[in-house]
Amino acid sequence: MIPRITIAQAGAHVGESVQIAGWLYNLRRSGKIAFPILRDGYGLMQCVAVKSALPEALFETIRNLTQESSIIVTGKIRADERAPGGFEMDVENLEVVQRVPESDPYPITPKDHGIEFLLEHRHLAIRGLRAHAILGIRHEVIKAVRDYFDSHGFTLVDTPIFTPAACEGTTTLFEVNYYEDNKAYLTQSGQLYNEATAMAFGKVYCFGPTFRAELSKTRRHLREFWMVEPEMAYATLEDVKRVAEEMLVFIVGRVLENRREELKRLERDVTRLEAIQAPFDRMTYDEAIEILHQKGSPIQWGDDFGGTDETLLTQDRQRPIMVDRFPASFKAFYFEPAADRPDVVLGVDVLAPEGYGEIVGGGQRIHDLDLLLQRIEQHKLPKEAFQWYIDLRKYGSVPHGGFGMGIERAVAWICGIEHIRETIAFPRTLYRWAP
RNA sequence: UCCUCAGUAGCUCAAUGGUAGAGCAUUCGGCUGUUAACCGAAGGGUUCCUGGUUCGAGUCCAGGCUGAGGAGCCA
């Protein structure tokens, strides 16, 4: 019985006859020799089919294969410097599972394509080497995030996707009919629920999709994206910053360890990633404003950073920046105010270098009942909907905090790619939600 | 919602207001070591839509549609 292997395993089978199942990536041929390039999801394998060594009908079949036809190739693995992957396979047999017809050829040719065409054909474009590298790194990042939290005492407690009330205005929420005329909203964050589960487990995290109905149309925005959100009981802003820093160093290290090939494919400057070490630069919002003024930004104290401000702050830095102590005026209702400065809150944003902007946002939450009630009122939020959240401040309230990290922004930064839409298999952007 | 840019062959793009073209893909032919192979040939067009200016519009004008980039927005 000939063993079925993947292309990634070829190195362990040199000199053996094996079988690889995949798709025809490309085909180069002359009259009496053909080089089908096989793709199996694990790598590329150059196959060599020599006319004189094969039955005539089989050689003709190989010679006339079409791009992305599904095939199962049997042959002997051989190390060869002329092959792109270092190994090649001398074809002994080839079974065509499905042949792509010439009348309707595979639309994505090896030459250039525009972004519109690639997004229309995203279900096929994900077969390409670039998408394969990016999505492989995405997988590594997610696995690293989970390994980090799992090995630091955090329990994964998933939070609901359907939520009952708008936390802050319905304009950025997707509304759905839950049943009859009862409305529910797709989650924007699991944080409030995390605050409840943290009181049950001590340290928790959730990881899932989040939905924002914003009319944002930039390289940093998706309408559906994935977010990991840890939350810790008995934690302060400093604890939150330390965990965020440690986690980011850990995931970048994992990608460098396990995904060199993919980074090379993306032409990522890995020295930029190797520089991601603790401690990150830390500054307050006040200090950030001062730096921005020196760099000519028109930003006023009390404004949130714009995209260009984030770029200005990070452009000459090797490491991420942690900015904390923001004006309470533009931050959410649940942030704990600074003890010495009631006009600023204990929130922190982590800005990635190279202009990738905010990848982490979080901070310390209000734990005092009266203050929370006051803030809910100030923000004109429906108190009834927050009753369960208010309860958390009645029954053993403690200082606590956490953060959220958008997976796609982190992956775009680590990959060094221009647009966040490439970091998810099927991106949902403002005007495109298919395929 | 606003600003900017774009729309020509299946794809990526050319074409001074004057005969609509190339490369890739497809088809046919050639080639025993190719590396997005190469060489020769063929087929392939509602130039996004509607209207206008002009002897003549892919090109200029008006409106619309679609897409992209950005702004605002972004717990």
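Computed from heavy atoms alone, side chains included, the values below leave out hydrogens, waters and symmetry copies.
Summarising the base pairing, B:G56 is matched to no nucleotide, lacking a Watson-Crick or G-U wobble pair whose two defining distances lie under 3.5 Å. Base pairing analysis places B:G17 opposite nothing; no Watson-Crick or G-U wobble pair with both distances below 3.5 Å involves it. In this structure B:U34 sits in no base pair that meets the Watson-Crick or G-U test at under 3.5 Å. The nucleotide B:U8 finds no pairing partner, because no Watson-Crick or G-U wobble arrangement with both distances shorter than 3.5 Å includes it. Across all strands shown, B:A75 remains unpaired; no Watson-Crick or G-U wobble contact has both distances below 3.5 Å. With a 3.5 Å ceiling on both atom-pair distances, the Watson-Crick or G-U wobble partner of B:G69 is B:C3. For B:C28, the paired base is B:G40 (Watson-Crick or G-U wobble, both distances below 3.5 Å).
When the C1' atom is used for both B:G44 and B:A20, the distance is 13 Å, rounded to whole Å. Across the C1' atoms, B:A68 and B:C31 are found 43 Å apart, a figure rounded to whole Å. Using C1' as the reference atom, B:G51 and B:C73 are 37 Å apart when rounded to the nearest Å. Distance check on atom P: B:C49 versus B:A57 gives 15 Å, rounded to whole Å. One P atom belongs to B:U26, the other to B:G69, and the distance between them is 30 Å to the nearest Å. Taking atom P in both B:A14 and B:A9, the straight-line distance is 12 Å, to the nearest Å. Taking atom P in both B:G21 and B:A15, the straight-line distance is 14 Å, to the nearest Å. The separation of B:U47 from B:C28, taken at their P atoms, amounts to 30 Å, rounded to a whole angstrom.
For residues 359-370 of chain A, the set of pairs meeting the side chain to side chain donor-acceptor pair (under 3.5 Å) definition, not counting sequence neighbours, comprises A:Glu231-A:Arg365.
Residue contacts for A:His121: at a heavy-atom cut-off of 4.0 Å it reaches no nucleic acid atom on any strand shown. Across all strands, A:Arg421 comes closer than 4.0 Å only to sugar-phosphate atoms, never to a base (heavy-atom distances). As judged by a 4.0 angstrom heavy-atom cut-off over every strand, A:Lys51 is placed among residues making no nucleic acid contact. Residue contacts for A:Ser103: at a heavy-atom cut-off of 4.0 Å it reaches no nucleic acid atom on any strand shown. Using a 4.0 Å heavy-atom cutoff across all strands shown, A:Asp104 reaches no nucleic acid atom at all.
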Quiz item: Would A:Glu214 and A:His221 count as a side-chain hydrogen bond (donor to acceptor under 3.5 Å, both in side chains) if you check the C-alpha gap in whole Å, the side-chain angles of each, and the deciding distance to 0.1 Å?
Solution: CA-CA 9 Å; A:Glu214 294 149 9; A:His221 288 90; 4.5 Å; no
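Where A:Phe335 and A:Gly114 each meet RNA chain B at their nearest nucleotide, the meeting point lying more 5' is that of A:Gly114. Mapping A:His113 and A:Arg63 onto RNA chain B via the closest heavy atom, the residue that lands nearer the 5' end is A:His113.
Judged by distance alone, with hydrogens and angles left aside, A:Tyr334 brings a side-chain donor or acceptor within reach of the base of B:A75, the pair sitting under 3.5 Å. For B:C73, its base sits under 3.5 Å from the side chain of A:Ser216 at one donor and acceptor pair at least. Within 3.5 Å, a donor on the side chain of A:His221 pairs with an acceptor on the base of B:C74, or the reverse. Between the side chain of A:Glu88 and the base of B:G33, at least one donor-acceptor pair of N or O atoms lies under 3.5 Å.
When distances run from any side-chain atom of A:Val50 to the nucleotides B:U12, B:A68, B:U32, the shortest one goes to B:U32. Listed nucleotides: B:A68, B:A71, B:A75. Nearest to the side chain of A:Ser189: B:A75. Distance from the side chain of A:Phe117 is smallest for B:C11 among the nucleotides B:C11, B:U32, B:G33. With B:G33, B:A71, B:U34 as the candidates, the nucleotide lying closest to the side chain of A:Arg28 is B:U34. When each of B:U12, B:G72, B:U66 is scored by its nearest atom to the side-chain atoms of A:Glu116, the top-ranked nucleotide is B:U66.
The side chain of A:Arg432 places an N or O atom within less than 4.0 Å of a non-bridging phosphate oxygen (OP1 or OP2) of B:A68.
Using modelled atom types, one finds no donor on one side chain facing an acceptor on the other under 3.5 Å when comparing A:Gln191 with A:Glu229. A donor-acceptor contact closer than 3.5 angstrom is absent between the side chains of A:Gln98 and A:Ser69. A:Tyr148 and A:Glu246 share a side-chain donor-acceptor pair at under 3.5 Å.
Side chain of A:Thr74 to backbone of A:Glu92: no donor-acceptor contact under 3.5 angstrom is found. Proximity of a side-chain donor or acceptor of A:Lys295 to a complementary backbone N or O of A:Leu312 within less than 3.5 Å is detected.
A:Phe211 has its CZ atom 20 Å from the C1' atom of B:C73, to the nearest Å. The distance from atom CD1 of A:Ile115 to atom P of B:G69 is 7 Å, rounded to the nearest whole Å. For the pair A:Lys217 NZ and B:U66 C1', the computed distance is 12 Å after rounding to whole Å. Look at CD on A:Glu60: it is 13 Å from C1' on B:G29, rounded to the nearest Å. B:A75 atom P lies 15 Å from atom OH of A:Tyr389, rounded to whole Å. Between A:Phe330 atom CZ and B:G72 atom C1' there is a gap of 16 Å when expressed in whole angstrom units.
In summary, A:Arg130 and A:Glu267 do not engage in a salt bridge, as defined by a charged side-chain N under 4.0 Å from a carboxylate O.
Listed by chain and residue number, A:Arg375 satisfy the side chain to side chain donor-acceptor pair (under 3.5 Å) test with A:Gln378 (two or more places apart in sequence, or in another chain).
Sorted by residue number, the members of residues 29-46 of chain A with any non-hydrogen atom under 4.0 Å from RNA chain B read A:Arg29, A:Ser30, A:Gly31, A:Lys32, A:Ile33, A:Phe35, A:Gln46.
Taking the ring centre of A:Tyr395 as origin, the terminal cationic atom of A:Arg393 falls outside the region bounded by 6.0 Å and 45° from the ring axis.
The number of heavy atoms from other shown groups lying within 6.0 Å of OH (A:Tyr106) is above 12.
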